[in-house]
Enquirer: 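Pasting a structure here, questions to come.
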Amino acid sequence: MTDVRVRFAPSPTGFLHLGGLRTALYDYLFARHTGGSFILRIEDTDRSRFVPGAIENLIESLRNLGLDFDEGPSAGGACGPYVQSERLDLYHREARRLLESGHAYPCFCSSETLAKMREEQQAKGEFVKYDRRCLNLSPEEVQARLERKEPHVIRLKMPDGRKFAFTDLIRGDVEMDTAQSDDQVLLKSDGFPTYHLAAVVDDHYMRISHVIRGEEWLSSTPKHLWLYECLGWPAPLWVHLPLILNPDRSKLSKRVGDVSVESYLQKGYLKEALLNFVALLGWHGADDREIYSLEELCREFSLERVNKAGAVFDLAKLDWMNGIYMRKLPLEEIASRALPYFHAAGIPLPEQDVLLKIVAAARERCTLLPEIASYSRMFLAPRPLTPEEEELLGTPQAQSVVHWFADNLPTSEPLPKEELDALVKTGMAELGLKGKDYYTPLRLALIHEPHGPELPVIFGILGLERAHALLRDKFRR
RNA sequence: GACCCCUUCGUCUAUCGGUUAGGACACAAGAUUUUCAUUCUUGUAAGAGGGGUUCGAUUCCCCUAGGGGUCGCCA
């Protein structure tokens with residue numbers, strides 16, 4: 001397989017969403033695995049849905065995730081421009097060719113006319129498709145209306161009674177009858193192409209070898225095949241990916257939950273986890289392995305192992321995987337990525353070495369980045385004790401623990417872990433306490449929380465001076 | 001409704017005719033841990049149904065059912 005060229009072709013109608021991410025990721029993995037090229041192309045042919053800033057956003061999201069493309073807007077390349085609104089002349093030229101060869105025709109029907117036609121077809125239980133009334137116009141009338149500059153579109157004339165067969169790399173042989181194919185609009189009345197024309201023209205001129213896209217495109221493939229044929233071009237290889245599904249098994253959409261990649265990142269999911277998890281939604285290696293870095297995915301990925309059936313997006317498993325990466329990534333990395341959440345929560349930052357100790361303790365019990373910040377509160381900005389906790393700390397037993405430590409805890413650093421462990425044991429023996437009775441008062445005194453890390457870790461984070469101050473602060477007799 | 005695609009534990013999946021149908025998440029129980037968390041062990045749980053083909057079907061074929069996608073001057 002030589003010269004693999006694949007493209008990710010989002011439309012700038014909003015943020016990158018999970019479905020787009022999965023498609024982009026598979027494009028990227030396939031390109032990297034085969035040594036091919038990954039191209040980004042912006043499909044901004046629908047002016048009404050264009051969202052300002054969306055292109056920049058898409059590019060930034062891909063960059064952030066590490067899915068760098070070889071050609072595209074901002075990256076350049078030999079097949080540019082990579083934004084469809086800048087390629088209008090090309091689409092017009094090809095549309096003209098189609099018109100001249102009789103494979104396309106102008107249609108003057110208004111959207112109202114079309115709506116009415118569809119309604120009638122629907123009522124009669126017919127297959128809803130354009131009835132070709134403008135195809136039967138006399139050449140003179142067409143000419144006259146064109147000269148009058150009547151608004152019109154250009155439609156593709158689908159052949160009658162023809163079967164289109166093609167091989168999808170994932171689904172195998174697929175066959176469809178043209179009776180189901182509408183005379184698709186190629187050029188809209190505003191002069192912009194529709195997806196069908198633009199994608200085929202661009203895929204050809206950008207020398208795309210494999211069209212990797214969502215399964216929702218499967219049923220329009222015959223139109224594209226016919227377009228390639230009319231234009232006299234060889235068709236690319238087809239790869240229709242299974243859909244990502246909502247828990248109710250419908251196509252993942254904005255209606256159910258949040259699907260923008262940006263928002264997952266913002267919630268504190270790690271890109272490594274997101275990428276790893278999304279890769280597994282429709283692909284699986286030959287063994288039981290589930291944790292893969294992007295590099296490892298590039299090495300292992302193959303289209304042959306992509307599934308046919310749609311996959312439900314299971315948030316619980318993403319959470320689990322995120323926890324794995326929270327513990328797996330370098331400590332400094334996790335700490336620095338958690339920083340924004342400290343700022344957002346207004347938690348004061350300690351010295352770097354102390355921060356690292358805190359994060360090391362926190363990452364063991366957190367699944368999302370912001371939890372690191374909230375877990376750190378007990379050290380950096382502890383909450384006030386509740387009346388119940390105050391009461392507990394005031395008991396003679398608890399006070400004996402607090403005083404014993406105030407009396408016996410050394411005041412000068414460093415305090416090696418072994419020494420501290422010994423000290424804790426001695427305290428236990430001298431006070432005749434163990435378990436909860438012994439540890440809860442200490443935790444409450446030092447971090448104002450009944451639960452937290454092991455004692456040596458707590459002392460290590462607080463430092464002996466601060467620990468002493470906190471203990472003294474809890475003297476109640 | 002028409003056309004197309006799909007169908008293994010609740011979820012993600014392994015299996016490329018012969019397996020006690022494996023793994024992971026979730027769930028449950030237990031162990032470790034001073035607590036919480038981590039970790040570990042164990043358990044519950046699946047081939048949609050019906051026909052074929054075959055010595056033998058989860059695996060190949062057909063039918064049915066169910067789910068999904070598409071049917072726009074949106075992509």
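Hydrogens, waters and symmetry mates play no part in the numbers below; they use all other heavy atoms, side chains included. Naming convention: chains lettered A, B, ... in sequence-line order (proteins, then strands); numbering from 1 in each chain. These numbers come from a predicted model, not from an experiment.
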Enquirer: State, yes or no, whether a side-chain contact exists between A:Val211 and A:Val239 at a heavy-atom distance under 4.5 Å.
Expert: no
Enquirer: If you only use heavy atoms from C-beta on, which nucleotide in B:U38, B:G23, B:A26 is closest to the side chain of A:Glu364?
Expert: B:U38
Enquirer: Assign each of A:Phe108 and A:Arg327 to its nearest nucleotide of RNA chain B by heavy atoms, then name whichever residue's nucleotide is nearer the 5' end.
Expert: A:Arg327
Enquirer: Side chain of A:Trp320, heavy atoms from C-beta onward: which of B:U13, B:A26, B:C74 has the nearest atom to it?
Expert: B:A26
Enquirer: To the nearest Å, how far apart are A:Ile244 CD1 and B:C12 C1'?
Expert: 12 Å
Enquirer: Taking CE from A:Met117 and C1' from B:G72, how many angstroms apart are they, rounded to a whole number?
Expert: 11 Å
Enquirer: Without decimals, in angstroms, what is the distance between A:Leu433 CG and B:U34 P?
Expert: 16 Å
Enquirer: Side chain of A:Ser11, heavy atoms from C-beta onward: which of B:A24, B:U7, B:A75 has the nearest atom to it?
Expert: B:A75
Enquirer: Can you find a donor-acceptor pair, distance only, under 3.5 Å between A:Arg443 side chain and B:U34 base?
Expert: yes
Enquirer: What is the nucleic acid contact for A:Cys109, judged by heavy atoms within less than 4.0 Å: base, sugar-phosphate only, or nothing?
Expert: base
Enquirer: Can you check the distance between B:A46 and B:U15, where both ends of the measurement are the C1' atom (answer in whole Å)?
Expert: 13 Å
Enquirer: Mind checking whether A:His224 and A:His196 have parallel, tilted or perpendicular rings, split at 30° and 60°?
Expert: tilted
Enquirer: Can you find a pair of side-chain heavy atoms, one from A:Phe8 and one from A:Leu16, that are under 4.5 Å apart?
Expert: yes
Enquirer: Once you apply a heavy-atom cut-off of 4.0 Å, does A:Thr45 come out as touching a base, just sugar-phosphate, or nothing?
Expert: sugar-phosphate
Enquirer: Mind checking the P distance from B:G10 to B:C4? Whole angstroms is fine.
Expert: 30 Å
Enquirer: Establish whether the base of B:C5 is bridged to the side chain of A:Arg171 by a donor-acceptor pair shorter than 3.5 Å.
Expert: no
Enquirer: Calculate the interatomic distance between A:Asp319 atom CG and B:A24 atom P; express it in whole Å.
Expert: 19 Å
Enquirer: Inspect the contact between A:Asp190 and A:Lys188 and indicate whether a charged nitrogen and a carboxylate oxygen are less than 4.0 angstrom apart.
Expert: no
Enquirer: Base, sugar-phosphate alone, or nothing: which one does A:Val153 contact when heavy atoms must sit under 4.0 Å apart?
Expert: base
Enquirer: Measure the CD-CG distance between A:Gln121 and A:Leu114 for me, rounded to the nearest 0.5 Å.
Expert: 9.5 Å
Enquirer: May I ask which nucleotide in the shown strands pairs with B:A31, Watson-Crick or G-U wobble, both distances under 3.5 Å?
Expert: B:U39
Enquirer: Charged N to carboxylate O under 4.0 angstrom, A:Arg383 versus A:Glu389?
Expert: yes
Enquirer: By nearest nucleotide on RNA chain B, pick out whichever of A:Ala286 and A:Gly172 is the more 5' one.
Expert: A:Gly172
Enquirer: State whether A:Lys188 places a side-chain N or O below 4.0 Å from either non-bridging phosphate oxygen (OP1 or OP2) of B:A75.
Expert: yes
Enquirer: Given B:C4, B:C12, B:C6, which nucleotide is nearest the side-chain atoms of A:Lys317?
Expert: B:C12
Enquirer: At less than 4.0 Å, is any side-chain N or O atom of A:Asn307 found next to OP1 or OP2 of B:A14? Yes or no.
Expert: yes
Enquirer: Quote, to the nearest angstrom, the C1' distance that separates B:U53 from B:G30.
Expert: 49 Å
Enquirer: How long is the line joining CZ of A:Phe459 and P of B:U34, in whole Å?
Expert: 16 Å
Enquirer: Answer with base, sugar-phosphate or nothing: what part of the nucleic acid does A:Pro453 contact at a heavy-atom distance below 4.0 Å?
Expert: base
Enquirer: Mind checking the C1' distance from B:A48 to B:A24? Whole angstroms is fine.
Expert: 24 Å
Enquirer: Looking at A:Glu290 and A:Lys317, is there a salt bridge between them, counting it only when a charged N and a carboxylate O are closer than 4.0 Å?
Expert: yes
Enquirer: For nucleotides 65-71 of chain B, tabulate all protein N/O to nucleotide N/O atom pairs closer than 3.5 Å, reporting atom names and distance.
Expert:
{"from": "B:G69", "atom 1": "OP1", "to": "A:Lys251", "atom 2": "N", "distance (Å)": "3.0"}
{"from": "B:U70", "atom 1": "OP1", "to": "A:Lys251", "atom 2": "NZ", "distance (Å)": "3.1"}
{"from": "B:U70", "atom 1": "O4'", "to": "A:Ser219", "atom 2": "OG", "distance (Å)": "3.3"}
{"from": "B:U70", "atom 1": "O2'", "to": "A:Ser219", "atom 2": "OG", "distance (Å)": "3.3"}
{"from": "B:C71", "atom 1": "O2'", "to": "A:Val128", "atom 2": "O", "distance (Å)": "3.3"}

Enquirer: When the P atoms of B:C5 and B:U64 are compared, how many Å lie between them, rounded to an integer?
Expert: 14 Å
Enquirer: Using a strict cut-off of less than 4.0 Å between a Lys/Arg side-chain nitrogen and an Asp/Glu carboxylate oxygen, indicate whether A:Arg289 and A:Glu296 qualify as a salt bridge.
Expert: yes
Enquirer: Students often mix this up, so state it plainly: with edges at 30° and 60°, are the rings of A:Trp283 and A:Tyr292 parallel, tilted or perpendicular?
Expert: perpendicular
Enquirer: Taking any heavy-atom pair under 4.0 Å as a contact, classify A:Val174: base, sugar-phosphate, or nothing.
Expert: sugar-phosphate
Enquirer: Work out how far the P atom of B:G23 is from that of B:A2, and round it to whole angstrom.
Expert: 43 Å
Enquirer: B:A21 and B:C9: how far apart are their C1' atoms, nearest whole angstrom?
Expert: 11 Å
Enquirer: Expressed as a whole number of Å, how far does the P atom of B:G72 sit from that of B:A65?
Expert: 26 Å
Enquirer: Which nucleotide, in any strand shown, forms a Watson-Crick or G-U wobble pair with B:C55, with both distances under 3.5 Å?
Expert: B:G18
Enquirer: Please determine if A:Asp183 and A:Lys157 form a salt bridge, counting it only when a charged side-chain N lies under 4.0 Å from a carboxylate O.
Expert: no
Enquirer: Provide, to the nearest angstrom, the distance between the CD atom belonging to A:Glu290 and the P atom belonging to B:G22.
Expert: 16 Å
Enquirer: Counting side-chain heavy atoms from CB outward, which of B:U13, B:U11, B:C25 is closest to A:Ala316?
Expert: B:C25
Enquirer: NA contact type, A:Arg47, heavy-atom cut-off 4.0 Å: base, sugar-phosphate, or nothing?
Expert: nothing
Enquirer: Which word best sums up how the rings of A:Phe277 and A:Phe313 line up, parallel for under 30°, tilted for 30 to 60°, or perpendicular for over 60°?
Expert: perpendicular
Enquirer: Using atom CG of A:Leu280 as one end and atom C1' of B:A14 as the other, report the distance to the nearest whole Å.
Expert: 12 Å
Enquirer: To the nearest Å, how far apart are A:Asn322 CG and B:U38 P?
Expert: 14 Å
Enquirer: Is A:Pro222 touching bases, backbone alone, or none of the nucleic acid, heavy atoms closer than 4.0 Å?
Expert: nothing
Enquirer: Pairing check on B:U70: which nucleotide meets the Watson-Crick or G-U wobble criteria with it, both distances under 3.5 Å?
Expert: B:A2
Enquirer: Closest approach to the side chain of A:Asp314, judged atom by atom: which nucleotide of B:C6, B:U11, B:A75 is it?
Expert: B:U11
